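Some notes on the structure that comes next.
The structure displayed is predicted, hence computed values, not measured ones. Here is how names work: the chains are called A, B, and so on, in the same order as the sequence lines, proteins then strands, and each is numbered from 1.
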There are 2 protein chains.
Amino acid sequence: MAVDRDQVLRSAAALLTRRATATMDEVARAAGLSRATLHRHFAGRDALVRALESLGIAECEAALDAARLDDGPAADAVRRLVREIEPAAGLLAFLYTENQLFEGEEQNEGWARIDARMAAVFRRGQENGEFRIDLTPAWLTEALYGLLGACAWAVTEGRVARNDFTHMIVELLLGGALRRE
Amino acid sequence: MAVDRDQVLRSAAALLTRRATATMDEVARAAGLSRATLHRHFAGRDALVRALESLGIAECEAALDAARLDDGPAADAVRRLVREIEPAAGLLAFLYTENQLFEGEEQNEGWARIDARMAAVFRRGQENGEFRIDLTPAWLTEALYGLLGACAWAVTEGRVARNDFTHMIVELLLGGALRRE
DNA sequence: CCCGTGTGAGACAACTTTGTCTCACACGGG
DNA sequence: CCCGTGTGAGACAAAGTTGTCTCACACGGG
């Protein structure tokens with residue numbers, strides 16, 4: 001009967017993303033357990049958010065590893081990254097918007113490392129001539145976060161098919177909306 | 001000594017965007033007034049959020065009007081839209097993430113109308129051959145929201161220069177990151 | 001079969017936030 | 001000058017939330 005910690009965190013992220021003021025009781029209900037049990041696993045709201053953040057950081061790092069960003073064309077690396085990070089998109093959407101974190105040095109360091117790795121692949125693409133140079137790596141990184149969150153939300157809202165997730169993000173991020181002949 | 005209602009709403013949006021659980025007292029302090037006065041203008045937290053939403057809808061509609069989305073190439077229309085909507089980007093970033101709104105028929109209708117107008121310009125671009133057809137108008141609309149929020153945040157964080165706001169969004173949305181020869 | 005582990009339900013006090021009210025005061029127009 | 005309007009500060013009760021505890025119970029392994 002052990003609670004699936006990750007599954008609890010995921011449903012908490014899904015709820016908190018669209019209603020950040022949700023009660024611990026609401027979070028518990030959404031995860032299908034009682035407030036008492038939720039409290040046994042996470043000492044309080046802060047602890048829950050920190051756990052969400054730790055999970056998000058860990059999943060991002062894992063996705064970055066799995067995407068092998070240094071291999072082959074940067075465009076392919078970005079495509080692999082988006083595909084790998086898709087399962088964590090909902091979590092990311094929450095963490096990206098909930099920047100109350102400004103505390104916690106360890107966490108901040110984690111995000112800085114992730115940002116740096118993402119920016120690095122864009123920079124590599126610029127240096128080898130794949131990517132245009134007027135869009136800065138920092139902006140492309142932020143834009144990727146924004147698109148991941150937007151697409152995750154669009155999928156849950158039914159405005160984008162789940163199977164199109166990677167395609168929609170990568171094609172827009174790399175190719176843009178303009179038609180090429 | 002009358003309080004500048006719009007300015008209060010803007011600073012409230014700025015605070016709530018990154019810390020949605022902020023207290024009415026914190027919101028008041030951030031806006032530079034006392035909780036008592038804040039309460040005189042907005043009956044409560046709900047009223048404040050609804051006012052934020054009304055302002056956001058109004059500014060979006062105004063930007064849509066000013067952008068003349070039906071005139072000339074769709075790409076130029078999108079560029080005008082982003083330029084017009086820039087001042088409201090912070091507000092939008094908050095409203096886009098805080099989807100606790102699911103109540104309120106009038107508001108919902110407002111967003112639906114805005115969504116439809118945005119999607120229409122993308123559809124027009126597809127129909128006249130400017131835009132590629134594998135990215136749906138609904139997704140391009142969501143992506144625009146996401147990019148607006150991401151860029152507004154990146155600007156306040158200092159990762160993107162304020163003057164580059166329109167350029168960064170439009171160039172990425174329309175042209176993508178890939179270099180063209 | 002029994003017992004240990006983990007859970008749900010509910011009670012409870014402590015704390016926080018909210019909404020309201022009162023009072024004093026600063027400002028600006030008449 | 002005086003008075004009305006709008007504000008800040010603070011007090012206060014009401015409501016909501018949190019953290020803790022207790023008890024009963026379901027389940028599964030030994």
Side-chain angles (χ1 to χ4, degrees), chain A residues 1-56 91 94-95 97-104 106-107, chain B residues 1-56 90-91 93-95 97-104 106-107:
Chain A
M1 274 297 171
V3 164
D4 180 344
R5 187 185 156 96
D6 276 19
Q7 186 271 329
V8 171
L9 287 173
R10 267 170 229 292
S11 70
L15 173 60
L16 292 173
T17 298
R18 60 180 189 187
R19 225 153 60 75
T21 58
T23 312
M24 287 294 273
D25 191 65
E26 294 177 289
V27 172
R29 298 295 157 192
L33 40 81
S34 72
R35 193 167 68 94
T37 302
L38 178 62
H39 222 275
R40 283 187 192 105
H41 289 271
F42 305 99
R45 195 196 185 74
D46 287 359
L48 179 66
V49 173
R50 274 200 300 274
L52 280 169
E53 209 177 0
S54 295
L55 179 62
L91 200 48
F94 168 68
L95 297 172
T97 58
E98 201 67 6
N99 293 72
Q100 68 191 160
L101 341 153
F102 278 30
E103 313 118 42
E106 185 186 341
Q107 319 267 14
Chain B
M1 278 297 172
V3 165
D4 181 344
R5 185 184 157 98
D6 275 19
Q7 187 270 328
V8 170
L9 287 174
R10 265 171 231 292
S11 70
L15 173 60
L16 292 173
T17 297
R18 60 178 189 189
R19 226 153 58 77
T21 59
T23 312
M24 289 293 276
D25 191 63
E26 293 177 290
V27 172
R29 297 295 156 193
L33 39 80
S34 72
R35 193 167 68 93
T37 302
L38 178 63
H39 221 276
R40 284 188 190 102
H41 290 271
F42 305 99
R45 195 196 185 74
D46 287 359
L48 179 67
V49 173
R50 273 200 301 273
L52 280 169
E53 209 176 0
S54 295
L55 179 62
L91 200 48
F94 168 68
L95 297 172
T97 58
E98 201 67 6
N99 294 73
Q100 67 191 160
L101 340 153
F102 277 29
E103 315 118 41
E106 184 185 341
Q107 319 268 15

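For the helix from C:dC1-D:dG30 to C:dG30-D:dC1, the axis fitted to the five pairs at one end and the axis fitted to the five pairs at the other end meet at an angle of 20° (nearest 10 degrees).
A straight line from CG of A:Leu48 to P of D:dG19 spans 11 Å, rounded to a whole angstrom. Atoms CD (A:Glu26) and P (D:dG16) sit 13 Å apart, rounded to a whole Å. The nearest whole Å value for the distance from the CG atom in B:Leu38 to the P atom in D:dG8 is 10 Å. Rounded to whole Å, the distance from CG on A:Asp25 to C1' on C:dG8 is 12 Å. Rounded to whole Å, the distance from CG on A:Leu33 to P on C:dG8 is 6 Å.
For a distance-only test at 3.5 Å, the side chain of A:Arg35 qualifies as a donor-acceptor partner of the base of D:dG19. Between the side chain of A:Arg40 and the base of C:dG8, a donor-acceptor pair under 3.5 Å is found.
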Test log, rule side chain to side chain contact (heavy atoms under 4.5 Å, CB included), inputs A:Asp4 and A:Asp6: CA-CA 6 Å; A:Asp4 180 344; A:Asp6 276 19; 3.8 Å; yes
Q: Dump the intermediate steps for side chain to side chain contact (heavy atoms under 4.5 Å, CB included) on A:Leu16 and A:Arg45, then the final yes or no.
A: CA-CA 11 Å; A:Leu16 292 173; A:Arg45 195 196 185 74; 3.7 Å; yes
- Evaluation steps, side chain to side chain contact (heavy atoms under 4.5 Å, CB included), between B:Leu48 and B:Val27: CA-CA 10 Å; B:Leu48 179 67; B:Val27 172; 3.9 Å; yes
Discussion item. Go through it in stages, so that I can follow the logic: the residues are B:Phe42 and B:Arg50, the test is side chain to side chain contact (heavy atoms under 4.5 Å, CB included), and I'd like the CA-CA distance, side-chain angles, deciding distance and then a yes or no.
Written reply: CA-CA 10 Å; B:Phe42 305 99; B:Arg50 273 200 301 273; over 6 Å; no
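The backbone N or O of A:Leu33 lies less than 3.5 Å from no partner atom in the side chain of A:Thr37, so there is not a single donor-acceptor pair. No donor-acceptor distance shorter than 3.5 angstrom exists from the side chain of A:Thr23 to the backbone of A:Glu26, with no hydrogens or angles considered.
The CG atom of B:Leu52 lies 10.0 Å from the CZ atom of B:Arg10; values are rounded to the nearest 0.5 Å.
Toward the 5′ end of DNA chain D lies the nearest nucleotide of B:Ala36, the other residue of the pair B:Ala36 and A:Asp46 mapping further downstream. Mapping A:Gly32 and B:Met24 onto DNA chain C by nearest heavy atom places A:Gly32 closer to the 5' end of the strand.
At C:dG6, none of the side-chain N or O atoms of A:His41 fall inside 4.0 Å of OP1 or OP2 (strictly under the cut-off). The side chain of A:Ser34 contributes an N or O atom lying less than 4.0 Å from OP1 or OP2 of C:dG8. Within the 4.0 Å cut-off from OP1 or OP2 of C:dA9, at least one side-chain nitrogen or oxygen of A:Arg29 is found.
Counting any heavy atom pair closer than 4.0 Å across all strands shown, B:Arg45 reaches sugar-phosphate atoms only and no base atom.
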